[in-house]
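First the structure, in the form of structure tokens, and then the observations on it.
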Amino acid sequence: MKRKIIAVLMAGALAASLAGCSTGLANEYVSIKQYKGIEVPQVLPEDVTDEEVETEIQLRLQMGVKRENITDRGAQEGDMVNIDFTGSIDGEEFSGGSAEGYELQLGSGLMIGATEEYAGFEEQIEGHKAGEEFDIQVQFPEEYSSNPEMSGVVADFHIVLNEVYTSEVPELTDEWVKENSEESDTVDEYKEEVRQFCVDQKLAEEMQDAFLEQVVADKYPEGEVEAEITNLETYWQQYAVSMGVDMDTFIVNYMGISTEEFDRQVKESAQNTVKMKEAVKLLADKKKLEPSEEEYQEAAARYAAMSGTTDVEGYVESVGEELLKEVIRQNVVMDYLVDQCVQVEQSDSSSEESAE
């Protein structure tokens, strides 16, 4: 199945879309034909699955995790650790074998496991305290499907153990709902509240596509499209490496498109990203649509939880505050456009076509 390339705004994975505004709204880069009354497909509560509601609830619970640093003992199975690691083979660092600020639960089995001769990656962190640096040696599985060339290879890792901590995710109870919701008092009420939130999210996604059609790019800021192309190519190259294949093989076999089509989609997506940025900036300036400090902090915590970390400050630093503010401002603009939109009821035939 062919996959259309989307722009990546952060670690993500945030997909890029494009923007627009109302009659006569323009700057030196973009013109917005319409921003009020844009037609979008109607989204109803029944269009949101129970699984989507549960996923959103779990994300919100994760944002309320209680974290306690451990400094008086070594790390043990079940603890969370924050580590920097650098992997090497015969003294040479290898691609994809290094990371900074990586958060891992010991015992999760996410990292290289034990073999007959070598202990597992996670096991060898156990017993060490926060602040320690040490080296470990592991062996990749004999049949390592993610990268067959690494099968059975012995690798060294230098570990910096930044933090050891425990984290407790709260349970969804009526008491928790009362403390964390301004609209609901019970779990059942909260699930319906979250369902409506998911409806709004889907509407915002529909709006991004519809808004794109209303924007005309008169020109692009110098160098920005090229920078976005580089970002996209780097992202997909890293993805190819993680799959253990070269870029051309990844494009043809995994994405199901030609290299020429890949280049075309990358360029189009990069142009769309820049167009979106300019249109959002234009509409935000004209309509004073900046997120409040409370909205910014809440969104930052949400994105941090989505990336699997409770360290919001560290997440903001790694992503970049300016980029994060751009994304959050885009969300505010999309909410404004949704409030101004016209929802069009979908016929059964149109729903089936969109599903195809």
Side-chain angles (χ1 to χ4, degrees), residues 1 3-10 12-22 32-63 172 177 180-184 186-215 269 272-273 275-276 279-280 283-284 287 289 291 295 298-299 301-303 305-306 326-356:
M1 180 177 66
R3 298 182 182 179
K4 186 174 181 181
I5 294 172
I6 57 174
V8 180
L9 291 179
M10 59 175 60
L14 286 174
S17 25
L18 308 208
C21 272
S22 108
I32 302 171
K33 297 180 290 185
Q34 179 184 0
Y35 67 87
K36 291 185 177 180
I38 298 176
E39 292 188 353
V40 295
Q42 185 179 32
V43 181
L44 301 173
E46 51 264 35
D47 295 327
V48 175
T49 66
D50 292 342
E51 289 75 15
E52 289 172 316
V53 172
E54 181 61 26
T55 297
E56 176 61 29
I57 289 174
Q58 290 304 315
L59 175 62
R60 294 183 180 197
L61 292 174
Q62 188 68 34
M63 290 167 63
L172 181 62
V177 169
N180 292 274
S181 172
E182 296 179 357
E183 303 175 25
S184 306
T186 68
V187 169
D188 288 341
E189 291 174 358
Y190 189 66
K191 288 182 177 180
E192 292 309 307
E193 176 188 332
V194 172
R195 186 178 298 276
Q196 184 57 50
F197 172 85
C198 293
V199 167
D200 295 339
Q201 290 288 96
K202 286 179 179 283
L203 269 175
E205 292 170 7
E206 296 284 0
M207 175 54 70
Q208 291 179 6
D209 293 333
F211 191 30
L212 168 60
E213 297 177 4
Q214 302 300 324
V215 182
S269 186
N272 285 347
T273 299
K275 193 195 303 185
M276 167 65 119
V280 165
L283 187 55
K287 297 296 178 180
L289 300 175
E295 288 174 321
E298 183 178 333
R302 177 180 178 81
Y303 284 130
M306 289 173 67
E326 282 184 14
V327 174
I328 296 171
R329 179 170 60 178
Q330 177 178 316
N331 293 343
V332 173
V333 169
M334 288 303 133
D335 288 342
Y336 171 81
L337 291 170
V338 167
D339 288 340
Q340 307 293 325
C341 79
V342 175
Q343 295 188 48
V344 180
E345 186 176 351
Q346 295 289 284
S347 65
D348 292 340
S349 59
S350 61
S351 298
E352 290 174 3
E353 288 176 4
S354 62
E356 294 175 359

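Across every non-hydrogen atom of Glu213 and Lys33, the tightest pair is O-NZ, 3.1 Å. Of all non-hydrogen atoms in Leu59 and Ala305, the two that sit nearest each other are CD1-CB, 3.5 Å. Pairing each heavy atom of Cys341 with each of Ile38, the nearest pair is CB-O, 3.2 Å. Closest non-hydrogen pair, Ser184 versus Ser181, comes out as N-OG, 3.0 Å. Residues Cys198 and Val53 come closest through the heavy atom pair SG-CA, 4.4 Å. The two atoms that bring Glu52 and Asp47 nearest to each other are OE1-O, 4.0 Å, heavy atoms only.
For the atom pair CD (Glu183) and CD (Gln196), the distance works out to 9.0 Å, reported to the nearest 0.5 Å. To the nearest 0.5 angstrom, Arg195 atom CZ is 7.5 Å from Thr49 atom OG1. Taken to the nearest 0.5 Å, the CD atom of Gln214 stands 4.5 Å off from the CD atom of Gln34. Met63 contributes atom CE, which lies 11.0 Å from atom OH of Tyr303 (distance to the nearest 0.5 angstrom). Of the inter-residue distances, the one linking Gln201 atom CD with Met207 atom CE reads 13.5 Å to the nearest 0.5 angstrom. Atoms CG and CG, from Asn331 and Leu289 in turn, are 12.5 Å apart once rounded to the nearest 0.5 Å.
Looking at heavy atoms from C-beta onward, Glu189 lies out of side-chain contact with Val177 at the 4.5 angstrom threshold. Between Leu337 and Leu283 there is a side-chain heavy-atom pair separated by less than 4.5 Å. Between Asn180 and Arg60 there is no side-chain heavy-atom pair separated by less than 4.5 Å. For the pair Gln343 and Val40, the minimum side-chain heavy-atom distance is below 4.5 Å. By the 4.5 Å heavy-atom criterion applied to side chains, Leu212 and Asn272 are counted as neighbours. Within the 4.5 Å cutoff, the side chain of Val187 has heavy atoms near those of the Lys191 side chain. The shortest distance between side-chain heavy atoms of Gln208 and Gln330 falls below 4.5 Å. In this structure the side chain of Leu61 reaches within 4.5 angstrom of the side chain of Gln58, judged on heavy atoms.
Enclosure of atom CD in Glu298 is not indicated, since only 12 or fewer non-hydrogen atoms of other residues, nucleotides or ligands lie within 6.0 angstrom.
The residues Lys202 and Glu206 are annotated as not salt-bridged, no charged nitrogen and carboxylate oxygen being separated by less than 4.0 angstrom. Using a 4.0 Å cut-off between charged side-chain N and carboxylate O, Arg302 and Glu295 make no salt bridge.
Arg329 places no side-chain N or O within 3.5 Å of a backbone atom of Val280 that could act as its donor or acceptor partner.
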